[in-house]
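Reading through the structure tokens given below for one structure.
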Amino acid sequence: MNLLELQICSLADSRNFNLLMIASENGQTEIVSSLLKFGFDIDEIRSSVCAASLAFKNSHWKVLLELLKANC
């Protein structure tokens, strides 16, 4: 990897939530599915939460099902 490449898995917001967590929190099922295909760690915990807990907290049941299908 050269210095100009960016690891998509390392992107985070001000709360330190990665893209999978943000998509899960907002109920973006298709984006969650795509990010899982890119190899995002479904069990990664940041700021004491994981993607599944964010989906559950916000009642995004389709997202939670996608995460569970991926063995979250």
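Nearest heavy-atom pair across A55 and V63 is CB-CG1, 3.7 Å.
Under a hydrophobic clustering in which Ile, Leu, Val, Met, Phe, Trp and Tyr are joined whenever their side-chain heavy atoms come within less than 4.5 Å, directly or via other members, F56 and V32 fall into different clusters. A continuous path of ILVMFWY side-chain contacts below 4.5 Å connects L67 to F40, so both sit in one hydrophobic cluster.
Between atom CD1 of residue I45 and atom OG of residue S53 there is a gap of 8.0 Å, rounded to the nearest 0.5 Å. One distance of note links CH2 of W61 with CG of L68; it measures 10.5 Å at 0.5 Å rounding.
Applying the side-chain hydrogen bond (donor to acceptor under 3.5 Å, both in side chains) test to residues at least two apart or on different chains, the pairs with a partner in residues 28-42 are S33-E66.
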Taking distance alone, no hydrogens or angles, what donor-acceptor pairs closer than 3.5 Å link side-chain atoms of residues 14-26 to residues at least two apart or in another chain?
from: R15; atom 1: NE; to: D13; atom 2: OD2; distance (Å): 3.1
from: R15; atom 1: NH1; to: E25; atom 2: OE1; distance (Å): 3.2
from: R15; atom 1: NH1; to: E25; atom 2: OE2; distance (Å): 3.0
from: R15; atom 1: NH2; to: D13; atom 2: OD2; distance (Å): 2.8
from: R15; atom 1: NH2; to: E25; atom 2: OE1; distance (Å): 2.8
from: N18; atom 1: OD1; to: L20; atom 2: N; distance (Å): 3.1
from: N18; atom 1: OD1; to: M21; atom 2: N; distance (Å): 2.8
from: N18; atom 1: ND2; to: E44; atom 2: OE1; distance (Å): 3.3
from: S24; atom 1: OG; to: L20; atom 2: O; distance (Å): 2.8
from: N26; atom 1: ND2; to: I22; atom 2: O; distance (Å): 2.8

